[in-house]
Amino acid sequence: MVQIFSSKKTLACAIVALSVTPALAFPASYSSLGGLSDLELRELMPKLKPVIPPAPPGPLAFTGAKLVDDKKHPWQRQGKDDIRGTCPGLNTLASHGYLPRDGVATPEQIIKAVQEGFNMENRLARFTTYAAHLLDGNPITDLLSIGQKTRRTGPDPPSPAIVGGISNHGTFEGDASMTRGDAFDGDNHSFNQTLFDQFKDFSDRFGGGFYNLTVAAELRFQRIQQSIATNPEFSLFGLRHLTAYAEATFPATFFVDGRRTAPGEAGHLDMTSAESFFKGMRYPKGFFRPAAPVGTENVPAIFTAHPVQPGKNVGGVNTFTVDESLGSILDGCTFYTQFVNTTIRGLYPNPTGVLRRNLNLNLKFFYESSGAGEECPQVFPYGRD
Ligand code: HEM
């Protein structure tokens, strides 16, 4: 069972760093409301259709391996108005119709899809989804987008992507991704061939041509060192400290066919399959999901191989300084408490009405997904209903 908390300050596991989300220039029903002024909220809220967020789905009834590249879920190329983003898992699920193909979904749909399509363990699925929804979703309409449109539609010539949803930098999306550049370098969401070549090179050098947990530990460390040395605004604290390590384990577990369970096969991702997920947003032909639910059980191994404390560059490149103010993978309770009281409250300082009610419901779902016990009580920044 995934526990992001422990009674001691041991490794906590879960899923990214934090600042105010900019409002999209043309708000859609799924655009984040975080960071809007009271005036903007007053103007926008009457135009949105309020939804009461339902309780999150439970675990799958059947949790074994299963063909997921099936006839009911054919891959389709991204349409010009479809949204894709920084997450190869969610991109793949949208391209196969496990998620709405336009890339806009409710938390309920996302939790069901990651379980069905990748056998993600229920608590991790809930934790990740509600963290993303609170940071980047629309709490009134209960919708979240999995990234950005490739280009604007309309009479004008194609223009740069409208970055939004989970691709918003500094919310869930963060620096030192394995196959995406840092926001400081101009594109934090597109597949980056140079970085993927590094992914393959590390798989050759440390995994005999396969991506596994040994490779994950080395590549995670390498990407952090690269960003410290090249990105003056590099940050890796709070949620990003958790997600950077967790996501590095995902390709070695979720992207390996569930029939490959023999020693030397399990946890070993071949490069053709890796390219299919990261670049093609597509299951390899005839892909089976993992044979058992997968959570964050592999995260401690890759963190302890090269532990980097939470922190950020404070005065240009190569000025990485430890910053524990928002908690980290090492301190789940500080992470949880600061996430709610500082980050979410920073995005929504003074919610009222339906917005307050729905934020409270989502915060409850988030707390319940964390596995916290009495040692880390729920916090109520907007009061108890
Ligand atoms: C449960 C809902 C999920 C949400 C909300 C989510 C969200 C995200 C986000 C925002 C990122 C970008 C973080 C960054 O590197 O800056 C990301 C990265 C990633 N996600 Fe997901 N994700 C989810 C589920 C999954 C699943 C099921 C898989 C695998 C099947 C997956 C695999 C990955 C991987 C491998 C990366 C790292 C990409 C890279 O570093 O280049 N995610 N995810």
Report, one line per pair, each donor and acceptor closer than 3.5 Å where one atom sits in a side chain of residues 89-100; sequence neighbours left out.
unit_1: N91; atom_1: OD1; unit_2: G85; atom_2: N; d: 2.8
unit_1: N91; atom_1: ND2; unit_2: G85; atom_2: O; d: 2.9
unit_1: N91; atom_1: ND2; unit_2: C87; atom_2: O; d: 3.3
unit_1: T92; atom_1: OG1; unit_2: P88; atom_2: O; d: 2.8
unit_1: S95; atom_1: OG; unit_2: R84; atom_2: NE; d: 3.4
unit_1: S95; atom_1: OG; unit_2: N91; atom_2: O; d: 3.0
unit_1: S95; atom_1: OG; unit_2: M281; atom_2: O; d: 3.3
unit_1: H96; atom_1: ND1; unit_2: H73; atom_2: O; d: 2.9
unit_1: H96; atom_1: NE2; unit_2: Y283; atom_2: N; d: 3.0
unit_1: Y98; atom_1: OH; unit_2: V68; atom_2: O; d: 2.7
unit_1: Y98; atom_1: OH; unit_2: H73; atom_2: ND1; d: 3.2

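In this structure, P232 and N313 approach most closely via the heavy-atom pair O-CB, 3.3 Å. In terms of heavy atoms, E375 sits closest to C333 at O-SG, 4.2 Å. In plain terms, the two heavy atoms of G383 and N360 that are nearest each other are O-ND2, 3.5 Å. For Y348 against G137, the heavy-atom pair with the smallest separation is OH-O, 3.8 Å. When all heavy atoms are compared, the tightest approach of R357 to I52 is NH2-CG1, 3.4 Å. Between E173 and T86, the shortest heavy-atom contact is CG-CG2, 3.7 Å.
With 3.5 Å as the limit, one finds no donor-acceptor pair spanning the side chains of H169 and D182. Remark: the T171 side chain and the N168 side chain contain no N/O donor-acceptor pair separated by less than 3.5 Å. T129 and R126 form no side-chain donor-acceptor contact under 3.5 Å, judged by distance and modelled atom types alone. In summary, the side chains of Q338 and T342 do present a donor paired with an acceptor at a separation below 3.5 Å, with no hydrogens or angles considered. Between Q193 and K279, the side chains place a donor N or O and an acceptor N or O closer than 3.5 Å (distance only, hydrogens not considered). A side-chain N or O of E40 and one of S37 form a donor-acceptor pair less than 3.5 Å apart.
Scanning for ring-ring contact (aromatic ring centres under 6.0 Å, His included) contacts around F288 gives an empty result, with sequence neighbours left out. Taking T179 as the reference, nothing meets the side-chain hydrogen bond (donor to acceptor under 3.5 Å, both in side chains) condition, with sequence neighbours excluded. With sequence neighbours excluded, the residues satisfying side chain to side chain contact (heavy atoms under 4.5 Å, CB included) with T253 are V294, N298. Shown here are the side-chain hydrogen bond (donor to acceptor under 3.5 Å, both in side chains) partners of R356, two or more places apart in sequence or in another chain: D385. Applying the side chain to side chain contact (heavy atoms under 4.5 Å, CB included) criterion to P57, with sequence neighbours excluded, gives E108, I111, K112. S273 is linked by a side-chain hydrogen bond (donor to acceptor under 3.5 Å, both in side chains) to D270, counting only residues two or more places apart in sequence or in another chain. Qualifying side chain to side chain contact (heavy atoms under 4.5 Å, CB included) partners for T352, counting only residues two or more places apart in sequence or in other chains: none. Q222 meets the side-chain hydrogen bond (donor to acceptor under 3.5 Å, both in side chains) test with Q198; sequence neighbours excluded.
If you chain together hydrophobic residues whose side chains sit under 4.5 Å apart, F366 and V51 never meet in one group. Criterion: ILVMFWY side-chain heavy atoms under 4.5 Å apart, direct or through other members. Under it, L195 and M178 are not part of a common hydrophobic cluster.
A 4.5 Å side-chain heavy-atom check between L144 and I110 finds at least one atom pair inside the cut-off. The side-chain heavy atoms of F234 and I224, taken from C-beta on, include a pair separated by under 4.5 Å. At a threshold of 4.5 Å between non-hydrogen side-chain atoms, the residues I344 and L135 count as touching. At least one side-chain heavy atom of V215 sits less than 4.5 Å from a side-chain heavy atom of N212. Looking only at side-chain heavy atoms (C-beta outward), Q78 and D102 stay at 4.5 Å or farther from each other.
A salt bridge links D201 to R205: at least one charged side-chain nitrogen sits closer than 4.0 Å to a carboxylate oxygen. Salt bridge status for D323 with K312: present, with a side-chain N to carboxylate O gap under 4.0 Å. A salt bridge between E218 and R223 is absent, with no side-chain N of the basic residue lying under 4.0 Å from a carboxylate O of the acidic one. A salt bridge links E116 and K66; the closest N-O separation between the charged side-chain nitrogens and carboxylate oxygens is under 4.0 Å. Between D257 and R259 there is a salt bridge, since at least one side-chain N of the basic residue sits less than 4.0 Å from a carboxylate O of the acidic one.
Listed by first and then second residue, the salt bridge (Lys or Arg N to Asp or Glu O under 4.0 Å) pairs involving residues 337-349 amount to none (not counting sequence neighbours). Legend: salt bridge (Lys or Arg N to Asp or Glu O under 4.0 Å) pairs involving residues 300-310, not counting sequence neighbours: none detected.
Ring orientation note: the planes of H241 and F303 are nearly perpendicular, at an angle over 60° on the 30°/60° scale.
Among the candidates F255, Y211, F191, the single residue satisfying the ring pair (Phe, Tyr, Trp, His ring centres under 6.0 Å) test with F278 is F255. Residue F277 forms a ring pair (Phe, Tyr, Trp, His ring centres under 6.0 Å) with just one option from F287, W75, F250, F254, and that option is F287. Shown are K49, Q109, H133; of these, the side chain to side chain donor-acceptor pair (under 3.5 Å) with D142 is made only by H133.
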For this session: Give the C-alpha distance, both sets of side-chain angles, the deciding distance and a yes or no for side-chain hydrogen bond (donor to acceptor under 3.5 Å, both in side chains) between T194 and D197.
Result: CA-CA 5 Å; T194 308; D197 289 344; 5.6 Å; no
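Checked against a 6.0 Å centroid threshold, the rings of F196 and F199 count as neighbours. Side-chain rings of F380 and Y367 stay apart, their centers remaining 6.0 Å or farther from each other.
Atom CG of D185 sits about 10.0 Å away from atom CD of E233, to the nearest 0.5 Å. Note that CD1 of I140 and CG of L355 are 4.5 Å apart. Values are rounded to the nearest 0.5 Å.
With side-chain heavy atoms closer than 4.5 Å counting as contact, directly or through intermediates, V314 stands alone and belongs to no larger hydrophobic cluster.
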